[in-house]
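Let me begin by presenting the structure, written as structure tokens, before commenting on it.
Order of the sequence lines sets the chain letters (A, B, ...), proteins ahead of strands, with each chain counted from 1. Bear in mind the structure is a predicted one, so any value in this text is a computation, not a measurement.
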Number of protein chains: 4
Amino acid sequence: MNSSHRLDDPAGDQDGDRPGHRADRRSERARRAILNAADDLLVEVGYAGVTIEGIAARAGVGKQTIYRWWSSKADVLMDNFSTDARSELALPDLGSVREDLMTYLRQLALFLTEAPAGAVLTALIGQAQHDRAMAATFRDAHLAEHRERERVLLRRGIVRGELRADLDVDAALAELIGPVYYRVLVTGEPVGPAFTDALVTSFLSNRALTA
Amino acid sequence: MNSSHRLDDPAGDQDGDRPGHRADRRSERARRAILNAADDLLVEVGYAGVTIEGIAARAGVGKQTIYRWWSSKADVLMDNFSTDARSELALPDLGSVREDLMTYLRQLALFLTEAPAGAVLTALIGQAQHDRAMAATFRDAHLAEHRERERVLLRRGIVRGELRADLDVDAALAELIGPVYYRVLVTGEPVGPAFTDALVTSFLSNRALTA
Amino acid sequence: MNSSHRLDDPAGDQDGDRPGHRADRRSERARRAILNAADDLLVEVGYAGVTIEGIAARAGVGKQTIYRWWSSKADVLMDNFSTDARSELALPDLGSVREDLMTYLRQLALFLTEAPAGAVLTALIGQAQHDRAMAATFRDAHLAEHRERERVLLRRGIVRGELRADLDVDAALAELIGPVYYRVLVTGEPVGPAFTDALVTSFLSNRALTA
Amino acid sequence: MNSSHRLDDPAGDQDGDRPGHRADRRSERARRAILNAADDLLVEVGYAGVTIEGIAARAGVGKQTIYRWWSSKADVLMDNFSTDARSELALPDLGSVREDLMTYLRQLALFLTEAPAGAVLTALIGQAQHDRAMAATFRDAHLAEHRERERVLLRRGIVRGELRADLDVDAALAELIGPVYYRVLVTGEPVGPAFTDALVTSFLSNRALTA
DNA sequence: TAGTAAGCGAGACGGTACGTCACGTCTTAAC
DNA sequence: GTTAAGACGTGACGTACCGTCTCGCTTACTA
């Protein structure tokens, strides 16, 4: 469903040059114009208002060029997401799980409610409810990486001896992160620091090895 | 945005009869056909495949009849939702918070992942990510009631002396219910009894007054 | 392929009212706007430049309204053709075959080379060379009538005793009319009165009963 | 508009791009593949279905190679036409105008209705109705030669003393050939030997010097 | 008990966007 | 310097639905 990128990536193109591999002449200019146009439009007119025609017009590009490399507007938006999320959701490493988790959850709440890339994320999650194939792609190609980075937070706590070695990391993540998404996606309630801090406190009061 | 129903409701029509008010001749037959057609279509072709034209055709109804009483396909689907959810998410009352919560969360997980009405709910939450006005209506007219019933579960625990009187009920609900929605809406991980039971256990180990 | 017209025709609606016949709510306004737009465009930009989108835009009409009643741009153009041709190619009746034929052929030559409706006709004949189905429709629904009127010219001559009763009317028409079309469609040579008069003279010198 | 060919054809170069061909000269292989592909496609999918992309794909050739040497699909098809027409419409020379004309008209009728090259011709005439520039090219570069050869038929009759010296040859050709084209292009009626023979008989009964 | 007005089914209408096709131009690498 | 390949911007295709708007029609209340 999704496309490969950065074909022209100057640094680090250690492409295997597999036999039968042809030079790809994809236009980097068009690729960037499309991704930017899509992001801009999402912010300006909302997900429902984003159209392939609109992206093409704004990017100064033919519709076919979009369809050649992406399968839908969701696919275009996914393309930017990981990059943006990676930079805006940097993993904290402050020396203790408590601080790391508190920092991360605060950051996540802000990301989801304030950042443009957060709006992309919630829109994509919304779309995933309507489209199983897109949901699968989204999880595999984008959320998985995101999630793996979150696991690291907890694993560091285990290594440090702050958390039990037999902790069910995925369940713990659901317990910590789930309430944040729940408020953002379902109830629309605010997700302030008090709320996220309390989640961490509650979590640690059960699992922390050290008082 | 939404509509009121059962205008033809045979029993209990104690209509206010304001001056100049004319009896309404809305067709109950059409109303039911539309709601059923919408639900059927959602299951058969998915949210994105549901269209007003499709509902009208399947229900044997003119499009105008739909637009006369509802504002969108989301509005039609919302109409069924509360009714269905009420009956399928009956509140347990088994004498202890632990059991009530465990039962309820298991039920909720099943509802969200297996029930047709659960599919309607996740579709509507998906749509809410793309449409702020619809999101507001949905929360006010449908989720609010749903949520109020969930609060009762915890309030009963307080009354029974199982939970502290100063418990932040909304935060507690987010902590219990959020992880379930998170898995359903975001990660797609299974949500089995072990997972939901653990959520209750974890929750109570922090808040329970009685060991 | 083609459509029926004048559904709203006030006078002369001696419609058989066959059982099951429903009143049609087709918009006469849209019908006329489309036909006029198509004719105008043909003159302004030529057949190849006429597009369904262009007709729709010029007529202030949705594309679907065109597709609902016609199958292609050729179908739209055919629709005007018979009406126009009927009025611009009035059959002369001057008392002698010689005069009738000379008048008619001069008229035909002018029609084909000068009249807007003549441009429609040659464009449609051109299209018929590329599209067998359209060719069949065109002949059955439009040329047939046209041609039948031409036969009348010769039949009147037979009735008057100016031509032999066993004249092969269709072959005679080909002999008279064919050269005119040939010059217009194939060679592009001018088709002046001297040319058409000579065709009549040549024809009659073989078939005329009366010197 | 049209192109010149056989750049490699100094004197009888019947090569098929033999090994050792110059890569910086026009490829005869490509030229032939393109012309053949175009002819094949015309027969298989009809004029409207022939596309430059289709020709390129079928010929195993880049689109640019077509555009480099021809200006349009009509131009490609014209290229084959004269060659084919020359060989399939050989001028008869049987000693008398009557026999020559009868033979030629029968041949022409068959060519137009049965031969692949005849289908090319009618398609080109059709296209000429939509495109004035192409029409001019077609007449100058292809029909003119064709037509000149037809004049020879009549001039031989004049030389032989069978036709009057002051015969208007072009008008006579229109009278003889026009009806054939008319039936093929316009009415779609069959054009059998009886019809064409009658044309010749009718023509000669007016112009023949010798009874 | 006849008239009348609302709701109904039907579906035409002006639109927007879809996803596809082919256009004619362009760039690249291979020979 | 031509070739096969194919990406590009452009623009039309024909389709699906949108939400609005009449059309008769049926029905049940009012006058």
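- Toward the 5' end of DNA chain F, the nearer of the two residues A/A30 and D/A56, judged by each one's closest nucleotide, is D/A56.
- Within the 4.0 angstrom heavy-atom criterion, no nucleotide atom of any strand lies near C/G54.
- Of the side-chain N and O atoms in A/R31, none sit less than 4.0 angstrom from OP1 or OP2 of F/dC8.
- Distances shorter than 4.0 Å separate some side-chain N or O of C/W69 from OP1 or OP2 on E/dC13.
- Annotation: of the two residues near DNA chain E, D/G49 and C/V61, the 5′-most nearest-nucleotide partner is C/V61.
- Of the candidates F/dT15, F/dT3, E/dG9, the closest approach to any side-chain atom of C/K63 belongs to F/dT15.
- Computed from coordinates, the C/E53 CD to E/dT16 P distance equals 12 Å when rounded to whole Å.
- Looking at which nucleotide of DNA chain E each of B/Q64 and A/Q64 is closest to, the 5′-most match is held by B/Q64.
- Between C/D131 and C/F138 the shortest side-chain heavy-atom distance does not fall below 4.5 Å.
- Contact annotation: the side chain of C/R31 never approaches that of C/W69 to less than 4.5 Å [non-hydrogen atoms, C-beta and beyond].
- Of the side-chain N and O atoms in B/R29, one or more sit less than 4.0 angstrom from OP1 or OP2 of E/dG9.
- One finds a side-chain N or O of B/R68 lying less than 4.0 angstrom from the OP1 or OP2 phosphate oxygen of E/dC8.
- By the 30° and 60° cut-offs, the orientation of the rings of C/Y47 relative to D/H130 is parallel.
- At E/dG9, one or more side-chain N or O atoms of B/T65 fall inside 4.0 Å of OP1 or OP2 (strictly under the cut-off).
- Side-chain atoms of D/N80 come within 3.5 Å of backbone N or O of D/L35 as a donor-acceptor pair.
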